[in-house]
Structure formats: structure tokens, C-alpha cells
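Taking it in order: structure first as C-alpha cells, then the write-up.
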Amino acid sequence: MGCSSSLPDRTSGRLGGLNSENGGAPDAKNLRVKLVLLGDSGVGKSCIVLRFVRGQFDPTSKVTVGASFLSQTIALQDSTTVKFEIWDTAGQERYAALAPLYYRGAAVAVVVYDITSPDSFTKAQYWVKELQKHGSPDIVMALVGNKADLQEKREVPVQDGIDYAEKNGMFFIETSAKTADNINQLFEEIAKRLPRPSPS
Amino acid sequence: MENADVFGSSTAPLTWHDFLERMRQPSATDFVKAIKSFIVSFSNNAPDPERDSAAVQEFLTNMETAFRAHSLWSGCSEEELESAGEGLEKYVMTKLFTRVFASLPDDVKIDDQLHEKMALIQQFIQPENLDIKPTFQNETSWLLAQKELQKINMYKAPRDKLVCILSCCKVINNLLFNASIASNENPPGADEFLPVLIYVTIKANPPQLHSNLLYIQRYRRQSRLVAEAAYFFTNMLSSESFILNIDANALSMDESEFEQNMESARTLLSGLSMDSDDMPSHSDQNVGKVSRTEPKEPKKQALNPKRPQGPAMRPQFSPELFEAESGNDQEPYAKDQSFLTKVPSISDLENRGATMLLKEDQASQVFQDFPYLFSKAGDLTVKDVEDLLNNYKQLVSKYVCLSQGLGVPTPLTLSISQSQSQHHTETMKESDDTRAVEVNIETHKDIERIDNDSNDISMFGVENPESKLPQDEAVASQGEGNDEAVASQGEGNAEISQR
């Protein structure tokens, strides 16, 4: 079962109910956030999410059906909670034109590449430009170099990622879905960067 | 856990009866008046989707706010209020359906375009064309997902239509997930899911898909089209968009190869349809084909006995058939039409397939995949029975689905079982079987949905619920579905007039 039935899930279930009660209206303490994942196929988008949502992946668990849509709530230190609704997108070239349907209305875009694949880094830059052109103007963007456990096969230097992210005002992090390195940090950092609805 | 709750709030128990019951209370008089006058207000205007959608959304929102403040719901839980909102949406939209569904010629045109395009592409598309990895390919089981999607036109309420899409997605997700476990692959994400959804959509080719999607988008209450439901609905929109734009490039084909495939698909379809021009037209689909098929019956019966004789089948196909097929290039329609067009049927397709097999001289190779085809009764052991039975069930399921898909009635006999069982028991078996599979993968577990027939019942007609029960027993007997199925019988006379 891994972590999929652990406490956070239960609380977030209730949270979902609360939010739907007021029609999803923003609530300063309990944010509900649409997050879209973009990146080439095979860079591990869905593995990152599964890691985040379930902690340990247990292949014998049948609880979660696929990872194309998952939601997970995290609690921040200032006692607010953020419920991420995570929308995965198909990364194959032939589906690229469909992405706007998915990132429309997203508060967060996580652009993922594979540090062992320069092509996927190029593709990531394409998505960043695309989002700058067509995404909502206040979208929070993160650039993620995944498969950081494969150091010996690295082809995209860390500095390239850092530089590109900085130039484009993005948050940057390298992760490993395999070892769970930096996975929680990624989502916590995103949560901190979210614009808060001003308390009225 | 939240991620297992696939449909979220959209599956709040639909207490349809409860809604109607409350509306019959004297204190609901004002609500009833408001609802009726809202519905009537629609009949005075020409359809204008944008205005209509805004009006419906606003009306639903206002009414739900009013429900919340009213004594009828005092002390009620959020869920009960949610159900009331669902009930209202369903009531209003069932009444307005004929006015607002596919009401613009432009939408109808896209429906036809899309339907025709899928009819052509489904003839030649392969999972590889969409980047579906071999480990995730499972065409037989995808039929179950297709079936869910094909139910979309059985319902009028936006929620019920949406549930068809969600069920289809859920079946796909289950299959992908099981395949990923079996092959030790990473759990499936959108890279795996979207291509299969597109493939399934093309194969299912539900009529009026475009109009259905617009209808859900416009008339499903916005606050309920969120989270997971919104995600999978977006995937459906995205499938539609992909399909409308399919060209050689989108399928990784050469321009010429694509054109050639489209052309032969056209030829095939025009050969199968008497009036190829309006072939994709939706409204006449069922009525037309059924009646066209009737005179076919004797012929089909005549063909049946000589079907599945294994190696002996070759010589039994008449040379005339063979010629009609191979002469295709020079005289594309003449012979085909005299033989086929009048009555499109499974056996026509079958004959085509058979001649193709003969022509390509692959028959024996193909049949090697079916180990029992050349067996004699004496060769079989008791152990084989289970295997055979499974094969049989799959075969019947596929065959019946194909028949349904073609819009022709299931032929009276499937010849392999001719000697032992009758049509009726066969179809029953089939439905039991597929149902068992569906239940297995939990398709129906949390879909409390009205029964299939309910929307066909005239809203104003007087249906006696009891009289329909035996017929619906199969559906009603699905555990949780029970109440809902029975409840839905009341939909026929679901007038909210007060006593």
C-alpha cells in the first residue's frame, strides 16, 4: 500500500469537500491549485508525481489508477494547506499542439527534462517559451531536471539549468523520482511561491 | 483516499426521487414555478448557445443558493444539497435537451465531419501510429472502454453524459495500470493514457461527439466540472481536437501512404453503405440500418453453415466473390454494390476479410494463432475446456460488439455454437460475461447511474415503472445500481407538478 492511505490523504479528502462547498472559491488558508506537468515523454513526469503523492511506490498496490491525474495536499508552516491538482500531459511530439487545453487556467506549470537527455532540455525550453506566450501571466513556473540519480550519464550540466531558469524567472531544482531526492522540496517550494489571495 | 475517488463530487449520490419528492412539498411551490417558467422562457427564443449556457448556469447557481436558504433543506448535509443541485440540473437539462443539443448547423456539421473522419481512420489506424507502446496494447479489452463511450447518446443529462466519458477513461486507466504491473513498467501517466483514449475514441466513433462535448461544457454546472472530472473531460476535448486535425504527419505516415489508406477506407465504406454520401449522418443511423438489414436474413442464414470449417473453408468461397474483390481497381463499385451495398452486415465484412486472406495467402498463418481450430473433439482434454470457454466468450463478445458497432442486429446464431445454444442464451451469456469483466475492473462500482433506457422514455409519457422492470433486471441487479435503476424508471413521469 505504500503511503497512499496515510493520513494526509484523509485530511485532503475532507478538504476537497470543503472547497467544493463554496464552489472552489479561494480561501486564504486552504488553497486549491491546478498544476500542469509538461515535458518530453520518458522524462519521468508521472514518476515525480507518484513519488510526491504516494511516497513509496508499491507496485502491488491497486489503489491508485494511473498517474495522469492525482491530487495531494501539503501543509505549510504558516498553517495554510495547499491542495495540488496535478494534470499530466502527453509529452510525445504529435500531441504538443494540445497542451494549451491543459495549461489553460493552471496556477503552476512544472516543466520537466531528463538530465541525461539534451533533447529533453531543448524541449523544456520550448515549453517555457510556449507558456510565456500563452500561459496565464501570473503562472508560477518551475524547471525540473529529473533523473539526478544518473550522474554518470549526465549530459545537461546543472549550471545550464540554473542559468536558463534564472533568465526566465523560474524556480529550478534537480530531482530523482527514483530515490525521491528533492521531490517534496519541489512541491514545497512551489507552494511558497504561490500568490496568496489577500485576506479580506 | 482521494485519488481513488475517481469522479469526486460528480458522483454524489443522485437522489433523483428525493429531489422530485421535495419539489412536491407545498413549500416548494415557488421553486416549481421558477423552474417551469425558466424552462418555458427557452421556447420563446432561437437557440444561442452562449446566452443559453450563461442563463442555465446562472439559474442553477441561483436556485442552489435558494435551496440552501430554504426550510425544505434546513439541517441537511452538504451532500444532500449537492444532490438537490444535481437533481435540478438533470431535470432542467432533460427538459431543455431537444432545444439546446446540437441546435446549430455549424455544430452538426462538425459532428458529421468528425464522425466521417473517425469512420475512415478507424479502418487502418494502428496503436503504433499514436505512440502506444506494445506492452500497453490490448485491443480486446479496449472494447470495454469503447462501450462506455458509446453510451453517451443514451443520456440527456450533462452529468450522465460526462459519466460515460469518465467511465471510459477509468476502464483505460485500469487496463494501463494492470499492463504496467504485468510488464514491470512505470505506472502509466498521460504519455500512455492520452494515446489510448484517442485510439478508443476513434474506434468507438460515437455519433455527435462534438455536440456532446459542447453540451457538457455549456450545461454541466461549472462548479461541478472541476478537478478529476475536468481533467478527463479535457482529455476528451483534446482527443477530439487531435482527431479533427489528423493528417499523415500526426500518424507518422508518409503523405502518400496516408492518402492511400484514406482512399481505400472510403472505398470500403462506400461499398458497405447504400448511400455513401450521408453515411456518417447520425440521426438515421439505427433506424436506417436495421430496416435495411431485414431482407438480408435469409442470405445470412444460408452463408452461416459453411463458415468455420477450418482448413476446409478455402474452397468453399465462391470464385465470384473472389473476383468481385480482386477486380476492385477496374470496376470499383459495380459488382460490390450489387453484392454488398444493399445490406451491410457482418457477414459481408466477413466475406471481404476472407477474400483478402485468400488473396494474400496468409490464411493458414493467421489461423495458427487459434490453437483449437484444427482440433477434433477427441483431442481435447478437460483442461482445455476452460481455455476454450474463455476463447468463446471473447469471441462472442467481440462479435456482438462488432454487430452493434455496425448497427446491425446480432445474427440469430454464431455458427460455432449453432448446435447447442440459441440466440437468446448467447446474448445473455455475452452480457453476463462482459459485465463480469466490467465489475471486475470496477467500472460500475461507484457509478450510480440511471439505467440505459430511462432517457428514451418520453418525459411526458406515462410509464408504469413495474411494467419495465423485468426487462431491466439485468441492469438493476448490479448491486448498488439497483435503487438507481428502479428510481430512474420514474423519470418518465418526472413531472414536478404538485399534488
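Note that the structure is a prediction, hence the values are computed from the model and not measured. By convention in this document, chain letters (A, B, ...) are assigned in the order of the sequence lines, proteins followed by strands, and residues within each chain are numbered from 1.
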**Q.** Reported CG-to-CG distance for the pair Leu98(A) and Leu194(B), which is rounded to 0.5 angstrom
**A.**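 It is 6.5 Å, given to the nearest 0.5 Å.
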
**Q.** Test item: Tyr231(B) side-chain N/O and Asp88(A) main-chain N/O as donor-acceptor pair under 3.5 Å
**A.** yes

Q.
Using a 3.5 Å distance criterion without hydrogens, assess whether the side chain of Gln92(A) forms a donor-acceptor pair with backbone atoms of Asp191(B).
A. yes

Q | When Val49(A), Leu37(A), Leu101(A) are compared by non-hydrogen pairs under 4.5 Å with chain B, the top option | A |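 Top count of heavy-atom pairs under 4.5 Å with chain B: Leu101(A).
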
Please check if the number of heavy atoms outside [X] that lie under 6.0 Å from its [atom1] is greater than 12.
X: Glu128(B); atom1: CD; value: yes
X: Glu139(B); atom1: CD; value: yes
X: Lys178(A); atom1: NZ; value: no
X: Gln77(A); atom1: CD; value: no

Q: State, yes or no, whether a side-chain contact exists between Arg104(A) and Thr234(B) at a heavy-atom distance under 4.5 Å.
A: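 They are not in side-chain contact.
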
(Q) Show the nearest heavy-atom pair for residues Ser46(A) and Pro187(B), with the distance to one decimal. (A) OG-O, 3.8 Å

Q) Do you know which two heavy atoms are closest between Asn249(B) and Arg94(A), and how far apart they sit? A) O-NH1, 4.2 Å

Q) Picking from Ser239(B), Ser238(B), Pro195(B), what satisfies side-chain contact (heavy atoms from CB on, under 4.5 Å) with Tyr95(A)? A)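 With Tyr95(A) as partner, Ser239(B), Ser238(B), Pro195(B) yield a single side-chain contact (heavy atoms from CB on, under 4.5 Å), made by Pro195(B).
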
Heavy-atom pairs under 4.5 Å with chain A: which of [options] has the most?
options: Asn245(B), Leu237(B), Asn235(B); answer: Asn235(B)
options: Leu81(B), Leu130(B), Thr61(B); answer: Leu130(B)
options: Ala250(B), Ala227(B), Ser252(B); answer: Ala227(B)

**Q.** Intermediate values then yes/no, side-chain contact (heavy atoms from CB on, under 4.5 Å), Val226(B) and Arg32(A)
**A.** CA-CA 11 Å; Val226(B) 292; Arg32(A) 195 162 83 179; 4.0 Å; yes

Q: Check each atom of Asn129(B) against the heavy atoms of chain A and say whether the ones under 4.5 Å are side chain, backbone, both or neither.
A: backbone

Q) What part of Ser41(A) lies closer than 4.5 angstrom to a heavy atom of chain B: side chain, backbone, both or neither? A)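 Contact with chain B involves both backbone and side-chain atoms of Ser41(A).
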
